Undergrad: 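A single structure is presented below for examination.
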Amino acid sequence: MQVVRDPQAMQAMALAKRREGARIGVVPTMGFLHEGHLSLVRIAKAESDWVILTLFVNPTQFGPQEDLDRYPRDFERDCALCEAEGVDVVFAPETAAIYAPDHTVYVVEDVLTSGLCGASRPGHFRGVLTVVAKLFNLTLPDMAVFGEKDAQQIRVIRRMVRDMNFPVRIVGGPILREADGLAMSSRNKNLDAASRQKAPRLCQALCAARDACAAGERNPVALRHIVLDRLGDLAPGAVDYLELVDDETLEPLGEPLTRPALIALAVQFPGVRLIDNMRLNSFISE
Ligand code: PAF
């Protein structure tokens with residue numbers, strides 16, 4: 001496994017691989033890898049010949065009051081995990097190599113990003129799309145794998161790929177959960193003991209809504225109430241958002257639910273904001 005720091009070297013290597021006819025798979029990450037990331041690597045390995053994992057804590061997707069400085073990092077451990085998974089290249093550039101001090105060009109999407117995390121984290125998706133576009137240009141992938149936990153992110157990236165004609169196939173990897181249901185996230189490490197105990201409620205609350213929907217509940221207001229109820233003392237104060245939206249367009253859905261829906265929420269714990277989501281698709285197909 002090679003560790004590449006220099007963007008030009010990365011691009012040259014990727015170009016050479018493509019000329020050899022290799023199908024390149026990329027797994028973009030911000031590091032502090034967990035089993036969820038490794039499951040994305042396995043998808044990339046199954047669907048391509050040469051796998052690059054990018055490891056870059058992207059400053060432009062963090063707001064001024066957010067956790068850029070506290071975002072967990074462990075480069076040596078990440079490299080060891082990648083090596084064990086058979087990753088071919090870890091691309092880990094320095095910030096200064098990715099962003100010129102006077103950079104002025106960004107990628108912006110302004111419809112899918114108007115709600116959910118886009119509403120509570122202004123500028124976040126501009127940073128995500130900009131860095132993902134750069135990473136695509138540097139790693140020249142045929143396919144890229146992103147986790148479904150960041151449900152809005154993967155939809156926004158798919159829209160960028162479509163609208164900007166990137167020749168990259170976007171593949172979603174299912175959410176991986178701890179034994180108690182908590183969605184795996186690098187940020188889980190920063191939860192204090194009390195928050196860690198409460199955090200599985202996000203999943204439990206979404207499961208309760210999913211089960212109610214499966215049992216025939218089609219009223220978004222009632223489904224929201226079920227979630228809020230299960231969140232207990234986290235609601236409403238700690239709830240940043242809780243939305244039932246169209247699974248594809250992310251538009252808020254009215255009553256009754258007649259289209260595949262996504263129920264998504266963000267909850268703010270001390271110093272850590274967690275997101276989670278569940279699809280209600282399978283029940284809303286009649
Ligand atoms: O999902 C993430 O880890 C990041 O948002 C990404 C896609 C690597 C861009 O920095």
Side-chain angles (χ1 to χ4, degrees), residues 4 7 10 24-41 43-44 51-63 66-75 77-79 81-82 87 89-99 103 106-109 112-113 116-118 120-139 141 143-161 164 166 168-176 183-190 264 266 272-277:
V4 178
M10 181 70 259
I24 301 178
V26 69
V27 182
T29 82
M30 297 206 296
F32 207 73
L33 303 179
H34 51 69
E35 196 53 37
H37 294 113
L38 302 182
S39 71
L40 306 182
V41 169
I43 294 173
V51 173
I52 304 168
L53 181 134
T54 72
L55 214 162
F56 179 64
V57 183
N58 173 37
T60 64
Q61 68 188 73
F62 289 80
E66 294 184 357
D67 56 349
L68 174 61
D69 295 338
R70 280 173 293 115
Y71 199 85
R73 292 162 168 87
D74 192 337
F75 182 69
R77 183 175 157 276
D78 287 348
C79 286
L81 288 168
C82 286
V87 167
V89 174
V90 168
F91 175 47
E94 298 295 339
T95 302
I98 291 293
Y99 293 110
H103 73 275
Y106 293 89
V107 182
V108 176
E109 194 288 334
L112 296 182
T113 58
L116 307 175
C117 290
S120 37
R121 303 184 67 187
H124 169 67
F125 285 112
R126 182 178 85 146
V128 170
L129 290 180
T130 301
V131 83
V132 169
K134 283 169 160 285
L135 293 171
F136 285 176
N137 285 333
L138 295 171
T139 60
M143 57 90 69
V145 195
F146 295 87
E148 292 280 3
K149 181 172 70 65
D150 296 286
Q152 187 175 21
Q153 170 171 280
I154 190 167
R155 284 157 182 75
V156 171
I157 290 170
R158 283 203 169 101
R159 182 61 62 91
M160 173 184 80
V161 162
M164 302 302 289
F166 279 96
V168 182
R169 187 164 56 88
I170 303 299
V171 177
I175 300 177
L176 257 63
M184 289 187 187
S185 164
S186 306
R187 288 187 165 98
N188 291 349
K189 177 187 184 288
N190 288 344
V272 186
R273 182 176 171 281
L274 295 184
I275 57 173
D276 203 346
N277 69 81

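Counting convention: from 1, in listed order, for ligands and their atoms alike. None of these values were measured; they are calculated from a predicted model.
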Undergrad: Identify all N/O pairs between ligand 1 and the protein with a separation under 3.5 Å and present them as a table of atom names and distances.
TA:
unit_1, atom_1, unit_2, atom_2, d
ligand 1, 1 (O), Q153, NE2, 2.8
ligand 1, 5 (O), Q61, NE2, 2.9
ligand 1, 5 (O), Q153, OE1, 2.7
ligand 1, 10 (O), Q61, OE1, 2.6

Undergrad: May I have the list of side-chain donor-acceptor pairs in residues 54-61 shorter than 3.5 Å, sequence neighbours left out?
TA:
unit_1, atom_1, unit_2, atom_2, d
N58, OD1, T60, N, 3.4
N58, OD1, T60, OG1, 3.1
N58, OD1, Y99, OH, 2.6
N58, ND2, T60, OG1, 3.3
N58, ND2, Q61, OE1, 2.9
N58, ND2, G127, O, 3.0
T60, OG1, Y99, OH, 2.9

Undergrad: Going by the rule side chain to side chain contact (heavy atoms under 4.5 Å, CB included), which residues pair with E66 if we only count those two or more places apart in sequence or in a different chain?
TA: F62, R121
Undergrad: Identify, with sequence neighbours excluded, every residue that meets salt bridge (charged side-chain N to carboxylate O under 4.0 Å, His left out) alongside R73.
TA: none
Undergrad: Could you give me the CA-CA distance, side-chain angles and deciding distance for N188 and L274, then say whether side chain to side chain contact (heavy atoms under 4.5 Å, CB included) is met?
TA: CA-CA 8 Å; N188 291 349; L274 295 184; 3.5 Å; yes
Undergrad: Would you confirm whether S186, through its side chain, and F32, through its main-chain N or O, come within 3.5 Å as a donor-acceptor pair?
TA: yes
Undergrad: Can any side-chain N or O of E109 pair as donor or acceptor with the backbone N or O of V156 at less than 3.5 Å?
TA: no
